[in-house]
> 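Once you've had a glance at the structure underneath, I'll fire off some questions.
Indexing begins at 1, ligand by ligand and atom by atom, following the structure's order. In what follows, every heavy atom counts, from backbone to side chain, and hydrogens, waters and symmetry copies are set aside. Computed from a predicted structure; not experimentally measured. Each residue takes its place number in the sequence, starting with 1.
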Amino acid sequence: MDDQSTKTPYRSLSVKKCSPHVGAEIGNIDLTRPLNDLELSELKRAFTEHGVLFFRNQKISFDDHARLGEYFGPLGSHVGKKTNSKPSDDPRIRLFHFDEKSERISGNVWHTDQSCAPHPPLGSILYMHTIPPDGGGDTMFSSMYAAYDALSDRMKDYLEGLTAMHDGVPTFGDGTPRAIHPVIVRHPESGRKLLYVNESFTTYMLGVPHHEGLGVLRMLYAHVQKPEFCFRFRWEPHSIAFWDNRCMQHYATDDYWPNVRSGYRVQIEGVVPPKAP
Ligand code: SIN
């Protein structure tokens with residue numbers, strides 16, 4: 001990341017860091033109306049610098065939700081054949097509604113959204129209007145920059161140049177894609193290296209003996225969950241979390257049944273994860 005840019009104060013938005021490695025809460029912004037050029041450029045800068053942006057008290061419509069996503073790229077659609085989230089009445093927006101009738105929730109294993117796709121989403125924007133009355137349903141985020149930086153130089157050397165299979169079939173059923181991605185990726189905007197394997201989708205590493213690759217993957221799955229790399233977001237009604245799916249993993253906490261947790265999500269189309277260096 002450019003040191004100079006982190007030192008330049010924001011002129012329009014308020015940007016309050018949530019933890020050393022993950023996230024910032026964005027204030028002085030109204031997402032129910034189009035943003036001006038300064039707001040948008042500062043929002044893009046904050047997204048690159050902090051990896052997840054959180055907003056409070058934003059009562060957004062489907063159009064507001066889609067507009068925010070489209071500032072960052074065309075909206076994409078979910079690649080899963082069988083999912084726990086559902087289409088909404090608007091083809092751009094996905095419904096995330098769970099209640100006493102839900103047998104499962106979505107996302108309660110650490111993951112990068114749909115990394116099984118050849119072009120996994122750039123990011124996702126989740127808006128929650130209803131949250132469980134007694135708490136619960138927090139979303140946890142982990143920085144894959146911090147996870148990569150904390151590896152030993154020997155492990156970084158071992159992983160550099162390796163690739164891994166990301167398989168959507170075990171989670172989303174037959175007909176869902178599989179894709180091979182680099183284990184170490186360079187983020188196209190920040191230029192930083194990051195760890196790109198996740199417990200939901202990465203099934204094996206190519207180019208090393210199978211049992212050895214599985215052992216390394218298990219170690220990495222435990223590593224990315226270290227609290228030092230994480231931040232736990234507590235939802236309020238009309239909060240928004242907008243994560244950079246290229247550098248943050250997340251985990252949806254499954255502790256609120258039979259209460260209702262309900263909202264909507266859009267995802268933004270991404271590109272092939274670029275290998276490092
Ligand atoms: C997801 O995994 O995309 C859902 C996150 C959440 O419901 O908090």
> Taking the six-membered ring for Trp, are Phe172 and Phe201 closer than 6.0 Å centroid to centroid?
yes
> Just to verify, what does Arg218 make a side chain to side chain contact (heavy atoms under 4.5 Å, CB included) with, not counting sequence neighbours?
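Arg218 satisfies side chain to side chain contact (heavy atoms under 4.5 Å, CB included) with Leu214 only.
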> Tell me, please, which residues at least two apart from Arg33 pass salt bridge (Lys or Arg N to Asp or Glu O under 4.0 Å).
Glu39
> For Phe141 and Phe54, run ring pair (Phe, Tyr, Trp, His ring centres under 6.0 Å): C-alpha distance rounded to whole Å, both residues' side-chain angles, the deciding distance at 0.1 Å, then the answer.
CA-CA 12 Å; Phe141 295 90; Phe54 302 106; 5.6 Å; yes
> What residues sit with at least one heavy atom under 4.0 Å from ligand 1?
Phe96, Gly107, His111, Asp113, Leu126, Thr139, Trp243, His250, Ala252, Arg261, Arg265
> Measuring from atom OH of Tyr71 to atom CG of Leu35, what distance do you get when rounded to the nearest 0.5 angstrom?
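Going from OH on Tyr71 over to CG on Leu35, the span is 4.0 Å.
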> Not counting sequence neighbours, which residues clear side chain to side chain contact (heavy atoms under 4.5 Å, CB included) with His119? List them please.
Val272
